[in-house]
Amino acid sequence: MRPRHRIRSRTPRDAHAVRDLLTLAFPTDAEARLVETLAAAKHLCMALVAERAAAGTIADTTTGHIAGYIAFSPVTLDGQPTDGVGLAPLAVHPDDRRVGLGAALINTGLERCAENGSAFAVVLGDPNYYTRFGFVPASRAGLDSIYQAGDAFMTRELTPGGIPRPGLIRYAPAFDDLE
């Protein structure tokens with residue numbers, strides 16, 4: 001049987017497990033350091049973990065294995081605060097890939113961000129993947145980023161009319177130090 005997953009809000013007790021997951025999922029520890037910096041600066045609007053438990057058991061905060069993680073942080077438009085969020089990073093443990101866990105994290109995260117009043121989200125990622133979740137190239141809305149990413153920089157409306165006026169979107173300051 002496949003493991004079951006439960007998505008829940010990240011707690012401070014998850015810090016080490018999230019660090020381990022991010023270090024495993026990415027080629028360097030840059031994303032792990034990024035998340036730690038965002039958390040310390042209180043720049044995480046939303047952070048979720050997916051716990052894996054053996055079949056027939058219920059995952060909880062003391063026995064579950066962190067199999068996935070997603071974070072959302074505030075973004076600015078032309079240097080001014082917005083009601084938008086940036087999705088990054090998203091990580092899934094190699095043993096838990098290709099079972100829809102990343103999609104579940106994205107869908108749950110976007111839904112919760114909308115419930116919390118976020119009007120739009122941006123992501124820098126593979127258009128072939130993120131368009132499945134309603135993301136479109138941000139350039140269509142006149143939005144740009146400092147990353148010169150072309151169609152890989154995407155946006156999605158979370159509330160009707162939520163896409164902001166054209167301008168330069170920047171992620172939280174911790175992203176400036178991402179290597």
What's the separation between atom [atom1] in [X] and atom [atom2] in [Y], rounded to the nearest 0.5 Å?
X: Ile70; Y: Thr108; atom1: CD1; atom2: OG1; answer: 8.5 Å
X: Tyr130; Y: Met154; atom1: OH; atom2: CE; answer: 7.5 Å
X: Ile106; Y: Leu87; atom1: CD1; atom2: CG; answer: 6.0 Å
X: Arg140; Y: Thr155; atom1: CZ; atom2: OG1; answer: 11.5 Å
X: Leu90; Y: Leu101; atom1: CG; atom2: CG; answer: 8.5 Å
X: Leu48; Y: Arg10; atom1: CG; atom2: CZ; answer: 11.0 Å

Does [X] reach the main-chain N or O of [Y] with its side chain, forming a donor-acceptor pair under 3.5 Å?
X: Asp14; Y: Thr11; value: yes
X: Thr82; Y: Val75; value: yes
X: Thr76; Y: Pro81; value: no

Does any non-hydrogen side-chain atom of [Y] lie less than 4.5 Å from one of [X]?
X: Phe120; Y: Ile169; answer: yes
X: His93; Y: Leu24; answer: yes
X: Leu34; Y: Tyr171; answer: no
X: Ser118; Y: Phe72; answer: no
X: His5; Y: Val99; answer: yes
X: Arg19; Y: Arg33; answer: yes
X: Asn116; Y: Cys45; answer: no

Please report the shortest heavy-atom distance between [X] and [Y], naming the atom on each side.
X: Val85; Y: Cys113; answer: CG2-SG, 4.1 Å
X: Pro166; Y: Ala141; answer: CG-O, 3.7 Å
X: Ala71; Y: Leu44; answer: CB-CD2, 3.8 Å
X: Pro137; Y: Asp151; answer: CB-OD1, 3.5 Å
X: Gly134; Y: Arg156; answer: O-CG, 3.7 Å

Item to check | Partners passing side-chain contact (heavy atoms from CB on, under 4.5 Å) against Arg97 (at least two apart in sequence or in another chain) | outcome: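 Per chain and number, Arg97 pairs via side-chain contact (heavy atoms from CB on, under 4.5 Å) with Ala25, Val92, Pro94.
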I'd like to check the salt bridge (charged side-chain N to carboxylate O under 4.0 Å, His left out) partners of [X]; sequence neighbours left out, ordered by chain and number.
X: Arg170; result: Asp176
X: Glu111; result: none
X: Asp126; result: none

Item to check | Worked check of side chain to side chain contact (heavy atoms under 4.5 Å, CB included) between Leu158 and Asp83 | outcome: CA-CA 10 Å; Leu158 298 180; Asp83 53 4; over 6 Å; no
Next on the checklist: Applying side chain to side chain contact (heavy atoms under 4.5 Å, CB included) to Asp177 and Thr37, what does each step give before you reach the verdict?
Outcome noted: CA-CA 10 Å; Asp177 298 328; Thr37 302; 5.9 Å; no
Checklist entry - With the 4.5 Å side-chain cut-off for hydrophobic clustering, are Leu38 and Phe26 part of the same group? => result yes
Checklist entry - Hey, is Asp78 close enough to Arg165 for a salt bridge, meaning N to O under 4.0 Å? => result yes
Item to check | Stepwise side chain to side chain contact (heavy atoms under 4.5 Å, CB included) check, Leu110 with Phe135 | outcome: CA-CA 11 Å; Leu110 292 172; Phe135 283 92; 3.9 Å; yes
Checklist entry - Considering the options Leu21, Asp96, Asp20, which one meets the side-chain contact (heavy atoms from CB on, under 4.5 Å) requirement together with Ile66? => result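 Single side-chain contact (heavy atoms from CB on, under 4.5 Å) partner of Ile66 among Leu21, Asp96, Asp20: Leu21.
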Item to check | Residues that Tyr129 engages under ring pair (Phe, Tyr, Trp, His ring centres under 6.0 Å), provided they are two or more places apart | outcome: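 Partners of Tyr129 under the ring pair (Phe, Tyr, Trp, His ring centres under 6.0 Å) test: Phe133.
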Checklist outcome for this item: Residues passing the ring pair (Phe, Tyr, Trp, His ring centres under 6.0 Å) test with His43, sequence neighbours excluded, are none
